[in-house]
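One structure below.
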Amino acid sequence: MTVIDILTRVDAICQKYDKYDAEKLNGANVAGEDPFARLYGSVDAEISQCVEKAEAARQEKNRATVVALNAEIRRAKAKLLEEDLPKLQRLALKKVKGLTREELATRSDLVAALPDRIQSIPDGSSSATKKNGGWGASGSRPGGGVKFDSTSDGNFDDEYFKGTEESNKFRQEYEMRRMKQDEGLDVIGEGLATLKNMASDMNEELDRQVPLMDEMDDKVDRANADLKNTNVRLKQTILQMRSSRNFCVDIILLCIILGIAAYLYNVLKK
């Protein structure tokens, strides 16, 4: 086989699989108004990003970073399979002006190849369950008993304990709620600190007011004592005034009685 034959065969193979070149397909229609080309380009770019993240997770030594990257990959894969892929399947069946039947068939082939590309991206969950770690049944056992499969060594690697998307969402929700509780506790702590400062200020003010209140009590006691003494003196004065008046009245009445008696005596004597 000559070099010319080899080049000819290579060109034929390239032309045969040229329709599966995503970059050429996107470059031909991105500038236009073809929604399939735009969406397929976006999906292809997102798949490339997932592959890069998977490679970064494979080389990363920090466990927390690896878990976060795998969670992002699983979310991206779920979005691609549940949202973008059905849209591409519908758009691939629509006829576009300027495209031949062969190009439309190429679009269907590209969309059909996407699920395998997406599922082939490692996300840390493929090796979570041991394939040989189940229960086995033996046809040569009498009584149909159950035995453990001894092919599993009983050791679990780090991939076994990696969280799923649901557990990661639960953990994120837990962290968010804990942060909100911490913020609420901080607000309550600030309010309590303010109340403590107010109570301290009130205590200091009461300490300053206690001597003044004691002085006021002393003044009130002295005023009460003075009032009692004044009342006693006034009562004595009134009693003295009343006694002298009664004496004068008694003398006047006695004189009147004596006068009446003398008059009656004179009248009866005559």
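When a residue number appears, it is its place in the shown sequence, counting from 1.
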Can you tell me how far the OH atom of Tyr40 sits from the CD1 atom of Ile47, to the nearest 0.5 Å?
7.0 Å

Taken to the nearest 0.5 Å, the spacing of Arg233 CZ from Asn229 CG works out to 6.0 Å

Indicate, with yes or no, if Leu110 and Leu88 share a hydrophobic cluster defined by side-chain heavy-atom contacts under 4.5 Å among Ile, Leu, Val, Met, Phe, Trp and Tyr.
yes

Report yes or no: do Tyr265 and Ile257 belong to one cluster of Ile/Leu/Val/Met/Phe/Trp/Tyr joined by side chain heavy-atom distances under 4.5 Å?
no

Kindly determine whether Lys61 and Val66 satisfy side-chain contact (heavy atoms from CB on, under 4.5 Å), including the steps that lead there.
CA-CA 8 Å; Lys61 296 181 179 180; Val66 172; over 6 Å; no

Walk me through whether Gln236 and Val232 qualify under side-chain contact (heavy atoms from CB on, under 4.5 Å).
CA-CA 6 Å; Gln236 292 176 355; Val232 170; 3.7 Å; yes

Salt bridge flag under 4.0 Å for residues Arg177 and Glu173
yes

Using a 3.5 Å distance criterion without hydrogens, assess whether the side chain of Asn224 forms a donor-acceptor pair with backbone atoms of Val220.
yes

Salt-bridged, Glu175 to Arg178, with N to O below 4.0 Å?
yes

Euclidean distance, Glu55 CD relative to Gln59 CD, rounded to 0.5 Å
4.5 Å

Nearest heavy-atom pair of Cys50 and Ala76: which atoms, and what distance?
SG-CB, 3.4 Å

Is it true that Glu83 and Lys87 make a salt bridge, defined as a side-chain N closer than 4.0 Å to a carboxylate O?
no

Going hydrophobic residue to hydrophobic residue with side-chain gaps under 4.5 angstrom, can you get from Ile256 over to Val267?
yes

Give, for atom CG of Leu114 and atom CG of Asp109, the distance between the pair rounded to the nearest 0.5 Å.
11.0 Å

Straight-line distance of Glu60 CD to Asn70 CG, nearest 0.5 Å:
11.0 Å

Rounded to the nearest 0.5 Å, what's the gap from CD on Gln209 to CG on Leu212? Could you check?
5.5 Å

Short side-chain to backbone donor-acceptor contact, Ser42 and Arg38, under 3.5 Å:
no

Minimum heavy-atom separation for Gln119 to Lys77, with atom names?
O-NZ, 3.8 Å

For Leu39 and Asp84, which heavy atoms make the closest approach, and how far apart are they?
CD2-O, 4.1 Å

Side chains of Leu93 and Arg107 in contact at under 4.5 Å (non-hydrogen atoms):
no

Heavy-atom closest pair (Gln89 atom, Val111 atom, distance to 0.1 Å) is CG-CG1, 3.4 Å

Of all the heavy-atom pairs spanning Leu81 and Pro86, show the shortest one and how long it is.
O-CD, 3.5 Å

Cluster link Tyr263 to Ile260, ILVMFWY, side chain under 4.5 Å
yes

Under the side-chain contact (heavy atoms from CB on, under 4.5 Å) rule, what do Leu80 and Leu85 come out as? Steps first, then yes or no, please.
CA-CA 6 Å; Leu80 291 172; Leu85 188 59; over 6 Å; no

